Number of protein chains: 2
Amino acid sequence: MTKPRPTGTTRIQREKRQAIFDAALDVFSENGLRGATLDQIAARAGLSKPNVIYYFEGKEAIYKELLESLLDIWIAPLIELSDSDEPIEELLAYVRRKLDMSRDMPRESRLFATEMIQAAPHIREVISGPLKTLMDEKAALIQGWMDAGRLAKSDPYHLIFSIWATTQHYADFDVQVRAVLAGQDPFDTAPDFVETLFRRMLTPLG
Amino acid sequence: MTKPRPTGTTRIQREKRQAIFDAALDVFSENGLRGATLDQIAARAGLSKPNVIYYFEGKEAIYKELLESLLDIWIAPLIELSDSDEPIEELLAYVRRKLDMSRDMPRESRLFATEMIQAAPHIREVISGPLKTLMDEKAALIQGWMDAGRLAKSDPYHLIFSIWATTQHYADFDVQVRAVLAGQDPFDTAPDFVETLFRRMLTPLG
DNA sequence: GCACTACTTGACCATTTGGTCAAGAAATTT
DNA sequence: AAATTTCTTGACCAAATGGTCAAGTAGTGC
């Protein structure tokens, strides 16, 4: 028998659970699951440690629920990628959305990055299940565009990987990027660069 | 007064310290500094915990010395990037070396990635000092090629970032990449893709 | 106001973990 | 082989940490 937890959705429950999620996102994205402590999360949420445990089963449960609640948001841009008369613009819009997410949701990006680097023990099934299915679907869409000559030919999977890599880099390695750029805001210049990069990659030759 | 540590370089000291570094690279790259334990490191090195402390000041010291000892190796490819009659081939060779490192040294890649994601508290000075200087130098080299019309114009800093991002992605997100590719070895197909990507990006238009 | 439920927390506990220490086992030197 | 130094570890400790619990404090419906 697990201890009873609040299941309803009173105002107070929504607020406190949200506060815990916010705090947990801060802490987990900075230190990973193992490096984070309940005390840190509780302090940053403005709650006592037992109070946090009142709302969640424990540290691991917070982490897992947080990851799962963010997964949908995280892959939404890829889901939105759909057939279009202008495949290049469609893909560049995807690139732009991903770059916007790196700018506006860096903690989420780092959270997923850390989870992936550590072999994704908590979302492995999602990755090799629904995410793979989604990737196959979108790769087929892109392949179709390539076959129709509307897009330069290349490997659709690696294309998506390279979009992920270049855009997420600005969130995950923010410190390094900013140190090297010495004060200049990366997001002032990155959009133009990545657009150029992928436009050249996608545009069929002459 | 800090406790005396072995300073000489006897055979046994070299071997044991190396064994600890190897084990630490495993453990730190999987869990980060805070997520790793001395017991894990000791066990994987085949030593007792006090024995590990005999060779290093402590957990943090192992981490820091490991990071620093790997830094040189890690940035060596960028140092090697130098002036050439064929700038595109020179840069593509750099891309290839970085991709080879992702394939052959994934633990090192993940170690640095985790450190960066966590705001690089242990190598910040290196990043904003020597690494920035190196980047400025290489960016100027690349800018020179662009000004001479031998390379398509773009932002040299972002160009290097995108090379880092795309190549390191295959090491850091190995699990995800392999899950999506369903058994196919990423490194069979990645080299061609990244070469195409950057060749198109670098080749001046008509 | 009263009864009842939802919420909150100080004090506490068991385990994990970074690190110490004294004493012994191997090497090495003389 | 005796003396000396280097290496090794079982037992131990203090702090950190995930989690519990009983007792109390708000809310809420009547």
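No experiment lies behind these values; they were computed from the predicted model shown. Keep in mind that the numbers below use all heavy atoms, side chains included, and drop hydrogens, waters and symmetry copies. Every chain is numbered from 1 and lettered A, B, ... according to where its sequence line falls, protein lines coming before strand lines.
Atom CD in A/Glu60 sits roughly 16 Å away from atom C1' in C/dT15 (whole-Å rounding). The distance between atom CD1 of B/Ile53 and atom C1' of C/dA22, rounded to the nearest whole Å, is 17 Å. Here D/dA16 presents its P atom at 13 Å from CD of A/Gln40, a figure rounded to the nearest Å. Distance A/Asp39 CG to D/dG18 P: 7 Å, rounded to the nearest Å. The distance between atom NZ of A/Lys59 and atom C1' of C/dT15, rounded to the nearest whole Å, is 13 Å. D/dG19 atom P lies 13 Å from atom CD1 of A/Ile20, rounded to whole Å.
Taking A/Arg96 as the reference, nothing meets the side-chain hydrogen bond (donor to acceptor under 3.5 Å, both in side chains) condition, with sequence neighbours excluded. Every residue meeting the ring-ring contact (aromatic ring centres under 6.0 Å, His included) condition with B/Phe56, not counting sequence neighbours, appears here in chain and number order: B/Phe21. The side-chain hydrogen bond (donor to acceptor under 3.5 Å, both in side chains) check on B/Glu195 picks up B/Arg199, with sequence neighbours excluded. Taking the ring-ring contact (aromatic ring centres under 6.0 Å, His included) definition, one finds that B/Trp145 meets it with nothing, sequence neighbours left out. Contacts of B/Phe173 classified as ring-ring contact (aromatic ring centres under 6.0 Å, His included), with partners at least two apart in sequence or in another chain: B/His169. For A/Asp155, there are no side-chain hydrogen bond (donor to acceptor under 3.5 Å, both in side chains) partners at least two apart in sequence or on another chain. Residues meeting the side-chain hydrogen bond (donor to acceptor under 3.5 Å, both in side chains) test with A/Asp188, sequence neighbours left out: none. By the side-chain contact (heavy atoms from CB on, under 4.5 Å) test, A/Asp72 is found to be paired with no residue, residues two or more places apart in sequence or in another chain being considered.
For the contact set between residues 28-37 of chain A and DNA chain D, defined by any heavy atom under 4.0 Å, the members are A/Ala36, A/Thr37.
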Identify the pairs formed between an N or O of the protein and an N or O of nucleotides 26-28 of chain D at a distance under 3.5 Å, and give each distance.
none

Using a 4.0 Å cut-off on protein heavy atoms (strictly under), produce a 5'-to-3' string for nucleotides 6-12 of chain C with B for base contact, S for backbone-only sugar-phosphate contact, and - for none. SBBBB--

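Applying the ring-ring contact (aromatic ring centres under 6.0 Å, His included) test to residues at least two apart or on different chains, the pairs with a partner in residues 87-119 of chain A are A/Trp74-A/Phe112.
Looking only at side-chain heavy atoms (C-beta outward), A/Glu108 and A/Ile73 stay at 4.5 Å or farther from each other.
A side-chain donor-acceptor contact under 3.5 Å links A/Lys138 to the backbone of A/Leu81.
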